[in-house]
Amino acid sequence: MFITIEGVEGSGKTSHILPLARFLTEKGYKVFTTREPGGTGISEQIRSILHNMDNTEMHPRTETLLYQAARAQVVEQVIRPKLKEGYIVLCDRYVHSTIAYQGYGHKQDLTQINGLIEYAVNGLKPDMVLLLDLDAKIGLDRKFGTGEWNRLDSYSLTFHKRVRDGYINMLNVDPLKWRIINAQNKWEMVQDELQKHTTLLMEHIGFQEDIFHSPGYPLHESQIPASD
Amino acid sequence: MFITLEGPEGSGKTSHIPQLVEYLCERGYKVFPMREPGGTSIGEQIREVIHDLKNVEMHPRTETLLYQAARAQIVEQVIKPRLADGEIVISDRYYDSTIAYQGYGHQQNLEQVRQLVKYATGGLVPDLTVLLDVDVEEGLKRKRKDNEWNRLDAYTVEFHQRVRAGYLEMVKAEPNRWVVVDAGQKWDNVQEELRKLILERIKK
């Protein structure tokens with residue numbers, strides 16, 4: 001089972017992953033966590049290029065391609081093998097970050113972006129996307145306060161607003177796969193919701209990798225839109 | 001004017017560029033030599049990752065994407081501004097290398113690779129591309145002797161043969177852009193041929 005966590009800067013994604021993983025492990029699941037860009041030695045080397053404050057002249061297409069490079073590596077070296085071994089893989093950011101940041105944020109052509117992503121991941125899609133939704137301004141204020149400022153955060157507020165709107169668009173296009181969580185709530189409440197969504201997915205669909213990853217797998221009844 | 005040099009390992013591309021540049025400068029042209037995947041600070045950082053011998057587990061798609069990232073940067077930061085200033089840009093490898101190495105060598109989906117390079121270059125095609133063609137085993141032998149061995153050279157001979165065959169196919173597909181020079185000749189002869197054909201093309 002492949003679960004990704006998405007959200008704007010400062011939405012708290014990273015602080016939630018390990019507690020969520022611990023919760024699932026205690027329930028008896030095998031859990032593996034990773035982050036994008038990163039998760040392998042090579043991907044971490046790429047991450048440090050992306051986050052280097054000296055690299056201010058980085059072109060948006062360069063940035064997009066570096067993310068895809070790190071992604072191709074973590075998909076092949078880590079995520080696919082772990083999924084095969086029956087792990088729940090929790091990933092801090094995945095393809096939807098690219099669509100949100102490069103597509104909506106930098107206003108690159110969405111069709112081209114999707115083509116690049118397809119090349120990078122070779123068909124590997126998440127089973128569930130957890131969106132920690134937060135007003136862009138609040139998120140940036142939070143991050144600025146923690147000293148975790150990196151090159152990407154220094155883009156304008158309107159950029160980060162477009163990113164958030166992009167996430168909401170994607171959620172609306174594929175509502176069965178996405179879960180939205182209000183990240184403005186207290187940390188404990190957010191964590192609680194993440195645990196609930198994950199538990200529901202695991203308990204109701206079960207851990208049947210082969211079924212889940214084939215097209216037309218049976219949906220959980222809560223995921224089937226009411227026929228009114 | 002945008003000129004690119006291509007060729008398999010050990011074809012001598014890199015060794016020819018300095019004197020070629022000097023020759024053209026003496027004739028009053030403003031020339032800018034560059035190489036891929038470096039040429040910008042960001043590109044050099046990427047180059048280090050690609051050529052790091054520790055990174056043996058690098059997936060072919062990762063490698064391809066890293067080359068494209070360095071390329072997008074160099075196109076926007078270096079090549080386009082120089083061309084706009086009327087300079088002659090001579091590049092040691094460009095996107096044809098990707099098609100040859102990743103498409104033909106690693107046998108990735110050629111159409112996908114072509115789309116990728118189009119994204120990376122923003123559609124910037126060279127005016128002239130010279131293929132320094134050399135027998136694969138001869139080329140690899142030269143490189144080993146020069147002690148310039150890197151991670152890429154450790155691929156099999158068959159891999160490098162596919163690369164060379166790929167180059168030759170590309171020449172056939174776009175004969176107006178490509179010129180083939182036999183890099184098996186003496187170094188001086190190769191240099192002379194390069195000078196002649198490039199000068200001819202510039203004057204046209």
Side-chain angles (χ1 to χ4, degrees), chain A residues 36-81 95 98 102-103 106 108-124 151-152, chain B residues 36-81 95 98-99 102-103 106 108-124 151:
Chain A
E36 279 218 326
T40 70
I42 290 170
S43 304
E44 291 290 342
Q45 287 175 36
I46 298 169
R47 182 191 182 93
S48 66
I49 299 176
L50 278 163
H51 286 182
N52 185 343
M53 285 297 288
D54 294 334
N55 290 339
T56 47
E57 78 276 29
M58 187 178 290
H59 191 274
R61 292 206 314 276
T62 308
E63 186 180 302
T64 308
L65 287 159
L66 282 175
Y67 276 110
Q68 302 325 301
R71 175 167 296 150
Q73 190 63 27
V74 78
V75 162
E76 297 303 333
Q77 200 182 332
V78 177
I79 302 179
R80 271 191 219 278
V95 294
T98 303
Q102 274 64 46
H106 284 303
Q108 292 181 24
D109 182 304
L110 283 174
T111 315
Q112 273 194 333
I113 295 286
N114 280 319
L116 288 185
I117 290 173
E118 188 46 43
Y119 178 85
V121 304
N122 207 11
L124 183 67
R151 194 182 55 78
L152 300 180
Chain B
E36 286 209 312
T40 65
S41 153
I42 290 171
E44 290 295 342
Q45 293 168 47
I46 296 170
R47 184 191 185 89
E48 272 172 37
V49 178
I50 296 173
H51 283 179
D52 189 337
L53 278 165
K54 281 198 316 285
N55 291 340
V56 281
E57 79 277 75
M58 186 177 289
H59 192 274
R61 290 204 315 278
T62 308
E63 187 182 305
T64 307
L65 287 160
L66 283 174
Y67 276 112
Q68 303 325 300
R71 174 166 299 150
Q73 190 63 29
I74 208 170
V75 163
E76 298 297 334
Q77 201 184 333
V78 179
I79 305 179
K80 280 186 182 171
Y95 71 76
T98 306
I99 298 176
Q102 273 63 44
H106 283 302
Q108 292 179 19
N109 181 315
L110 268 177
E111 195 38 47
Q112 274 193 342
V113 174
R114 287 197 190 105
Q115 275 177 12
L116 260 189
V117 298
K118 201 172 162 198
Y119 176 84
T121 59
L124 182 69
R151 194 178 53 77

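Letters A, B, ... are given to chains in the order of the sequence lines, protein chains preceding strands, and every chain is numbered from 1. Only a predicted model underlies this, so the values are computations on that prediction, with no experimental measurement involved.
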Point to revise | Beyond-backbone contact of A:Ile42 with B:Asp52, side-chain heavy atoms, under 4.5 angstrom | key: no

Check your understanding: Do B:Gln45 and A:Asn55 come within less than 4.5 Å of each other through their side chains, counting heavy atoms only?
Key -> yes

Practice item. Examine the side chains of B:Gln68 and B:Thr64 and answer whether a donor and an acceptor come within less than 3.5 Å of each other. Key: no

Review point. Would you say the side chain of B:Glu57 lies within less than 4.5 Å of the side chain of A:Thr40, judging by non-hydrogen atoms?
Key: no

**Study point:** A:Val74 portion near chain B, given a 4.5 angstrom heavy-atom threshold
**Key:** neither

**Study point:** Choice from A:Glu118, A:Glu57, A:Gln77 maximising heavy atom contacts with chain B below 4.5 Å
**Key:** A:Glu57

Point to revise | Test item: B:Leu65 and A:Arg71 side chains (from C-beta on) under 4.5 Å apart, heavy atoms | key: no

Point to revise | Region of B:Glu48 that comes under 4.5 Å of a non-hydrogen atom in chain A | key: neither

**Study point:** Region of B:Gln77 that comes under 4.5 Å of a non-hydrogen atom in chain A
**Key:** side chain

**Study point:** Residue, of A:Leu66, A:Asp109, A:Val75, that accumulates the most heavy atom pairs under 4.5 Å with chain B
**Key:** A:Leu66

